[in-house]
4 protein chains.
Amino acid sequence: MDKQIKDKRTAIMDAALKLFTERGFHGTTTAQISKDAGVATGTLFNYFPTKEELINSLYFEVKGRLSSCIKKGIDPEASFETKMRKLWSNTIQCGVSNPEEFHFIGQFGSSPYITKITREEAMKEYEFIRALVEEGFSNGRNKDYSMELAMMIFYHSSGAVVNLIINSGRLDDMNEIIEEGFQLLWRGLSPE
Amino acid sequence: MDKQIKDKRTAIMDAALKLFTERGFHGTTTAQISKDAGVATGTLFNYFPTKEELINSLYFEVKGRLSSCIKKGIDPEASFETKMRKLWSNTIQCGVSNPEEFHFIGQFGSSPYITKITREEAMKEYEFIRALVEEGFSNGRNKDYSMELAMMIFYHSSGAVVNLIINSGRLDDMNEIIEEGFQLLWRGLSPE
Amino acid sequence: MDKQIKDKRTAIMDAALKLFTERGFHGTTTAQISKDAGVATGTLFNYFPTKEELINSLYFEVKGRLSSCIKKGIDPEASFETKMRKLWSNTIQCGVSNPEEFHFIGQFGSSPYITKITREEAMKEYEFIRALVEEGFSNGRNKDYSMELAMMIFYHSSGAVVNLIINSGRLDDMNEIIEEGFQLLWRGLSPE
Amino acid sequence: MDKQIKDKRTAIMDAALKLFTERGFHGTTTAQISKDAGVATGTLFNYFPTKEELINSLYFEVKGRLSSCIKKGIDPEASFETKMRKLWSNTIQCGVSNPEEFHFIGQFGSSPYITKITREEAMKEYEFIRALVEEGFSNGRNKDYSMELAMMIFYHSSGAVVNLIINSGRLDDMNEIIEEGFQLLWRGLSPE
DNA sequence: AATGAATGAGTGTTCATTCAT
DNA sequence: GATGAATGAACACTCATTCAT
């Protein structure tokens, strides 16, 4: 029975993720989500009181899943460079393996449908990453915004690389691209 | 007469840009746009046959304005590093000076409202930048995706920096942040 | 449950028939139909996806009801004249008993709102009548268009007589008028 | 100058007749009429204060033209049968020669757009015909509705024949069909 | 808890009509 | 008179949400 409930909720979430990514929030009706999930229109509202709550719950859960994926297997004892390389490759691999979730977060992170509260709540998951980066940079750099800058560059660049891999379909070269990207960032874009 | 026409069209575009950025496409009604622009509801449809065409026209024009802004004052005879530094600082300064336009493009670039045709048409403006980057990197790197990677990292990082400056309100430190960001990218994130 | 559904659909159809006949298709709004039918505006669209489909469904059903009415009680074994007299009187009586339906068909049969498909589909009901007329005339006349002519004269004249009865309010004389009309047609208009 | 005015008015009327017949009153916008007539949208309203007045004026004028056409060449001295035959053939020939006008009147004669006043005004043109028919029938028949019946049968049948000729494209057989139709009516439908 | 027909406020869009030029 | 951009009331239709079963 508990299984049953989870199933319906999950079915709704899955259908919503797929449809939102394909057609956007506005382009997706709750009726369509219900239909794709195989439940009645009323059922959706048993689990989520409004469409907006469905969107926010979905955002929160997907963001959580993605951040768990990213953290996996990072050895706290390893060198800073090793940890950063792992973080970089994790981020990209998680994105490539879950393109729907990845696009969903990228596309709707700044949507007005997502409330400030959800966004902030979701951000907490990233404290771990912030701490990781901070550790390394705090010695090496002095400007108070350097670390912030470094983090943003690191994070946004990883998103760019995921898109590059998915859109160009270069799944075979993936590991090479990941490493090359890391080198570009770590050693610098300067050609020489 | 021509002035008058331009004025109404411009007023609609301006109101639309502001409202879309604030509330999203769906959250903004054509009635609201008309009202803010100071024209009748029917007038909007004299200039744009549908809401979607208004959105796409707006996207196209804003993207054009932004890309013009980014290209300004780059000396083709300068060294590669100089040109890249200028490109970087232009991008960020254009973003900071036109935050509404900048956010609009960033937010809705992947919206289902924007048609493929608009996106592709708008992308043509970026050929110049691609050529600029290509020039420098083609000698220094060998992998065929390196340049693509470099471009994406460069471009997405600039967006991240604009957001950093706007959100933290550090307009005073802007030039310093721009240069520091460039150093991080150009010399590499590696702390040492 | 099934009863309920039929009721709402029927209520909408009834209200639509009345309003369309009174004010035409354009002069009748879907909101007005819904209101008169005692349902919400959205409900109408649960049964008919568009106003045009409502119009066409209504036309089709009314035409069907009318043709059923006309066919009733014609004895295939009777003489040709008897059958024609019955057909004539049926047509007029059906029209007089259902003036709204009769006017609706007469008024909107050539409206651009009615699609070709609906018109053709509705015409199939009249095959019976064509066969009946054909039977008698094929012996007596030789020109290949005579039967066509006879049918049209017969059919259009009946419409004229219905209007005459309704507009002049001579319901008492109806049977006499019907017979007199039949005589005029059958024996000829020639005064002597 | 007066010529000019007449031209614009006529151009609007012609365009309106064509468009209304093709697409109905509702399906035709005043903008479309103006465009087809080669005048500005505002110009139409210099000649006709509202769309409804345009429709009614058009109806009145077309009905007038048609009734003039029908009366032409009837010799008051001829026998009743000869006059009726001429009336019949005139009606059909006028309809076939001016199919647009003929359809317009047939289609919209009972439209709610046409005011009662227009309809009544237009009917006056038919007094001549009524008198003609009355003359002959008043001797031969006794029921007070007989003449009314005869007129309606006569009139509606002629409309049916015009449609038959136009739709089947039998312009070559026209005279034969006209005479055959008259015989059917005059001598009666009875096969023998 | 599950259903899905019913609801009605809200939206994009149309178009007859006006009026400044 | 002629023009056509501007107007805004009116409409068909949508869809998140409710609730009786």
Side-chain angles (χ1 to χ4, degrees), chain A residues 1-2 4-5 8-9 25-35 38-55, chain B residues 1-2 4-5 7-9 25-35 38-54, chain C residues 1-2 4-5 7-9 25-35 38-54, chain D residues 1-2 4-5 8-9 25-35 38-55:
Chain A
M1 200 119 309
D2 193 55
Q4 195 66 316
I5 287 176
K8 296 230 189 237
R9 213 190 112 98
F25 292 145
H26 174 224
T28 304
T29 67
T30 55
Q32 190 58 242
I33 296 169
S34 301
K35 199 183 161 195
V39 304
T41 62
T43 303
L44 186 151
F45 291 90
N46 284 342
Y47 293 97
F48 307 95
T50 66
K51 187 187 186 183
E52 205 182 333
E53 289 240 8
L54 164 61
I55 289 171
Chain B
M1 196 147 298
D2 194 53
Q4 195 65 313
I5 288 176
D7 279 353
K8 297 235 185 232
R9 212 190 113 99
F25 291 145
H26 176 223
T28 304
T29 67
T30 54
Q32 191 57 242
I33 296 170
S34 303
K35 199 180 161 194
V39 301
T41 63
T43 302
L44 187 152
F45 292 94
N46 282 347
Y47 292 96
F48 308 96
T50 63
K51 187 186 187 183
E52 205 181 334
E53 289 237 11
L54 164 61
Chain C
M1 196 146 302
D2 194 55
Q4 196 66 315
I5 286 176
D7 279 354
K8 297 233 187 237
R9 212 191 111 99
F25 291 145
H26 176 224
T28 304
T29 68
T30 55
Q32 191 58 244
I33 297 170
S34 302
K35 199 182 163 195
V39 302
T41 63
T43 303
L44 186 152
F45 292 95
N46 283 347
Y47 291 97
F48 308 96
T50 64
K51 188 187 186 183
E52 204 182 334
E53 288 237 11
L54 164 61
Chain D
M1 202 119 305
D2 192 54
Q4 195 64 315
I5 288 176
K8 296 230 188 236
R9 210 190 115 98
F25 291 145
H26 175 223
T28 304
T29 67
T30 54
Q32 190 56 242
I33 296 170
S34 301
K35 198 183 162 195
V39 303
T41 63
T43 303
L44 187 153
F45 290 91
N46 284 342
Y47 292 97
F48 308 96
T50 66
K51 187 188 188 183
E52 206 181 333
E53 289 239 11
L54 164 61
I55 290 172

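All chains are named by letter (A, B, ...) in the order of the sequence lines, taking the proteins before the strands, and each is independently numbered beginning at 1. Since this is a predicted model, take the numbers as computed values, not measurements.
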Give every pair of a protein N or O atom and an N or O atom of nucleotides 13-15 of chain F that lie under 3.5 Å apart, one pair per line with the distance.
{"unit_1": "F:dC13", "atom_1": "OP2", "unit_2": "C:Lys51", "atom_2": "N", "d": "2.7"}

Would you indicate what C:Thr28 reaches in the nucleic acid, counting non-hydrogen atoms under 4.0 angstrom: base, sugar-phosphate, or nothing? sugar-phosphate
How far apart are the closest heavy atoms of A:His26 and B:His26, and which atoms are they? CD2-CD2, 3.2 Å
Quick check: closest heavy atoms across B:Ser34 and B:Thr41, and the distance to 0.1 Å? OG-CA, 3.6 Å
Whole-Å gap separating [atom2] ([N]) and [atom1] ([X]):
| X | N | atom1 | atom2 | result |
| --- | --- | --- | --- | --- |
| B:Leu44 | F:dA6 | CG | P | 12 Å |
| B:Phe48 | E:dT14 | CZ | P | 15 Å |
| B:Asp7 | F:dA6 | CG | P | 11 Å |
| D:Lys35 | E:dC15 | NZ | P | 14 Å |
| A:Glu53 | F:dA16 | CD | P | 15 Å |
| A:Gln32 | F:dA16 | CD | C1' | 15 Å |

Residues in side chain to side chain contact (heavy atoms under 4.5 Å, CB included) with [X], at least two apart?
| X | value |
| --- | --- |
| D:Glu53 | D:Pro49, D:Thr50 |
| C:Thr28 | C:Leu19, C:Phe20, C:Arg23, C:Ile33 |
| D:Thr43 | D:Lys8, D:Val39, D:Ala40, D:Tyr47 |
| D:Phe48 | D:Arg9, D:Ile12, D:Met13, D:Leu54, D:Ser57 |

Comparing A:Ala40 and B:Phe25 on DNA chain E - which has the more 5′ nearest nucleotide: A:Ala40
For DNA chain F, which ranges pair as stems of 3 or more consecutive Watson-Crick or G-U pairs, with both donor-acceptor distances under 3.5 Å? E:2-21 with F:2-21
Would you indicate, yes or no, if E:dA6 has its OP1 or OP2 atom less than 4.0 angstrom from a side-chain nitrogen or oxygen of C:Tyr47? yes
Which value, rounded to the nearest 0.5 Å, describes the distance between A:Thr29 atom OG1 and A:Lys51 atom NZ? 7.0 Å
